[in-house]
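No experiment lies behind these values; they were computed from the predicted model shown. Excluded from the calculations below are hydrogen atoms, water molecules and symmetry mates; all remaining heavy atoms, backbone and side chain alike, are included.
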Amino acid sequence: MKKTLITAVSALLISAGGANAATFAHADQNADAQSSYAHVQHNSNYGQQVNQDITGLEEYASVASVIDPTSFTTRVTEDNVSNRVILFSDNYGRTQYKSVFVKKTGLLKVINLKGGGVVLETTVKADAPQKPEVKPEQPGSAISNLPEYKTLASAVDLTALTPVIVSDNYNNRTILLKDANGQGQYKSVFVKKTGLLKVINLKGQGVVIETVVKEDAATPAPEAKPEQKPEAKPEQPASTISSLPEYNTLAAHVDLSTLTPVVVSDNYNNRTILLKDANGREQFKSIYVKRTNMLKIINLKGGQIFYGAAQ
């Protein structure tokens, strides 16, 4: 009788242990499945890079004064009654900058997430319209009284193009220049607060001019000549720019011994230098923002090669 009782108890314990083991194994499988699903979801979300239009936002002009939003994929990750957060990512999906705009106070911070810290902290006026006003197409003469017209006409032959003002608000004005077939050839972006003008070739040549427009530039300009360049200075040996704060960083990324620098723009906001080879062909361009000490170096045959603080 005693032996029978021991045998029964042992069988009961073995049965219970097997059931528990099956339960634990099933739980482990569920955990693995959930982990795998979360991993797939993460990878799926990583690949979804949505570029949102932020040109009509109040803080856009201030952000554009320190970074070029068109060079990044922009995504608004938070937008509520209190603040708005925008992430700026490169072509590989890596977040390079973040802007935080506090709506009640107008406080704006632009942060370099790759070690540069806060590159801009300012207060934005809150009376800017949220959406750009679209205006109809109009002949070139209709924009001749705009402050940026003279500089724009010196960089682009406007005689064969039709300007279309696609946005004109408190912060900036964007003009699209179309050919006879209605195809956009150039785009100009004028930041009203700072006077910064950027003219972009939409057929692959990128930025053709980036400078600050003087306030007296509102008077109509004569017909543009292709050889004219705003604020151009004569060519000079590399030694003449060796005292500039951006020289060391520029020399670290470009072999200046074979190039001739030409300072094409130098004002209170920024300085632009073109680097030409022995045949006078432009090979590189540097843009130095004086207020923030930020330097951009562009290989005109292959794109941007450096963007960061000048050392």
Side-chain angles (χ1 to χ4, degrees), residues 49 51 54 59-75 77 85-101 108-122 124 189 191 194-200 205-212 238-276 282-311:
Q49 293 295 323
N51 191 26
I54 63 169
E59 67 268 36
Y60 178 80
S62 298
V63 173
S65 69
V66 292
I67 67 173
D68 182 5
T70 61
S71 299
F72 301 98
T73 297
T74 55
R75 184 161 56 95
T77 59
V85 177
I86 306 173
L87 297 182
F88 300 84
S89 304
D90 60 20
N91 293 333
Y92 298 99
R94 298 172 301 196
T95 304
Q96 303 292 327
Y97 291 89
K98 178 174 75 172
S99 70
V100 180
F101 176 58
L108 171 68
K109 284 187 179 181
V110 180
I111 306 166
N112 183 334
L113 299 178
K114 296 301 180 181
V118 177
V119 297
L120 175 67
E121 183 171 353
T122 186
V124 178
V189 180
V191 182
T194 63
L196 178 67
L197 174 66
K198 183 184 292 187
V199 181
I200 304 166
Q205 297 181 19
V207 177
V208 296
I209 186 174
E210 185 173 357
T211 187
V212 173
S239 60
T240 61
I241 66 168
S242 60
S243 61
L244 300 180
E246 69 267 34
Y247 176 81
N248 289 338
T249 305
L250 181 59
H253 292 83
V254 177
D255 183 6
L256 298 178
S257 63
T258 60
L259 300 168
T260 300
V262 182
V263 180
V264 296
S265 165
D266 191 359
N267 48 60
Y268 73 92
N269 192 52
N270 56 42
R271 177 170 42 249
T272 301
I273 301 174
L274 284 178
L275 299 168
K276 298 183 178 182
E282 299 170 356
Q283 301 294 326
F284 296 89
K285 179 172 74 170
S286 72
I287 302 170
Y288 175 64
V289 182
K290 299 179 180 179
R291 184 178 61 177
T292 61
N293 193 41
M294 298 297 289
L295 176 66
K296 181 187 292 186
I297 303 175
I298 304 168
N299 184 331
L300 299 178
K301 304 299 182 181
Q304 180 175 301
I305 60 175
F306 176 80
Y307 182 72
Q311 302 297 325

Task: Test log, rule side-chain contact (heavy atoms from CB on, under 4.5 Å), inputs Gln283 and Leu275 - done: CA-CA 6 Å; Gln283 301 294 326; Leu275 299 168; 5.5 Å; no
Open item on the list: Under the criterion side-chain contact (heavy atoms from CB on, under 4.5 Å), I'd like the reasoning laid out for Tyr307 against Ile297: C-alpha separation, chi angles, the key distance, then a yes or no.
Closed with: CA-CA 6 Å; Tyr307 182 72; Ile297 303 175; over 6 Å; no
- [ ] Would you sort out whether Lys290 and Asp266 count as a salt bridge (charged side-chain N to carboxylate O under 4.0 Å, His left out), showing the intermediate values?
- [x] CA-CA 10 Å; Lys290 299 179 180 179; Asp266 191 359; 2.7 Å; yes
- [ ] Could you go through the side-chain contact (heavy atoms from CB on, under 4.5 Å) check for Leu274 and Leu300 one step at a time?
- [x] CA-CA 10 Å; Leu274 284 178; Leu300 299 178; 4.3 Å; yes
Open item on the list: Run Val85 and Ser99 through side-chain contact (heavy atoms from CB on, under 4.5 Å) and show every step you take.
Closed with: CA-CA 6 Å; Val85 177; Ser99 70; over 6 Å; no
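Contact check for Met294 versus Val66: no side-chain heavy atoms found under the 4.5 Å cut-off. When side chains are defined from C-beta on, Lys198 counts as touching Val207, because their heavy atoms get closer than 4.5 Å. Considering only heavy atoms from C-beta on, Val254 comes within 4.5 Å of Ile305 through its side chain. Considering only heavy atoms from C-beta on, Arg271 comes within 4.5 Å of Val263 through its side chain. Contact check for Asp90 versus Thr95: no side-chain heavy atoms found under the 4.5 Å cut-off. Within the 4.5 Å cutoff, the side chain of Phe284 has no heavy atoms near those of the Ile273 side chain. Between Val212 and Thr194 the shortest side-chain heavy-atom distance does not fall below 4.5 Å. You'll find the side chain of Leu120 reaches within 4.5 Å of the side chain of Ser62, heavy atoms only.
Shown here for Ser65 and Arg291, the closest heavy-atom pair between the two residues is OG-NH2, 3.6 Å. Between Phe72 and Asp68, the shortest heavy-atom contact is CD1-O, 3.3 Å. Nearest heavy-atom pair across Leu295 and Ser286 is CD1-CB, 4.1 Å. Nearest heavy-atom pair across Gln311 and Thr249 is N-OG1, 2.7 Å. Taking every heavy atom of both residues into account, Ala64 and Leu196 meet most closely at O-CD2, 4.3 Å. Minimum interatomic distance between Gly116 and Val119 (heavy atoms only, all atoms of both residues): O-CG1, 4.4 Å.
Between atom CG of residue Leu250 and atom NZ of residue Lys285 there is a gap of 13.5 Å, rounded to the nearest 0.5 Å. The OG1 atom of Thr272 lies 5.0 Å from the CD1 atom of Ile287; values are rounded to the nearest 0.5 Å. The structure places OG of Ser71 at 11.0 Å from CZ of Phe88, a figure rounded to the nearest 0.5 Å. The CD1 atom of Ile54 sits 12.5 Å away from atom CZ of Phe101, with the distance rounded to the nearest 0.5 Å. How far NZ of Lys296 is from CG of Asn270: 10.5 Å, rounded to the nearest 0.5 Å. Between Ile200 atom CD1 and Glu210 atom CD the span is 8.5 Å, to the nearest 0.5 Å.
Tyr288 and Asn293 share a donor-acceptor pair across their side chains, judged by distance under 3.5 Å alone. Judged purely by distance below 3.5 Å, without hydrogens or angles, the side chains of Asn51 and Thr74 pair a donor atom with an acceptor atom.
Ring orientation note: the planes of His253 and Phe306 are tilted relative to one another, at an angle of 30° to 60°.
Without hydrogens or angle criteria, Asn248 side chain to Ala251 main chain gives no donor-acceptor distance under 3.5 Å. In this structure, Asn299 contributes its side chain and Gly303 its backbone to no donor-acceptor pair below 3.5 Å.
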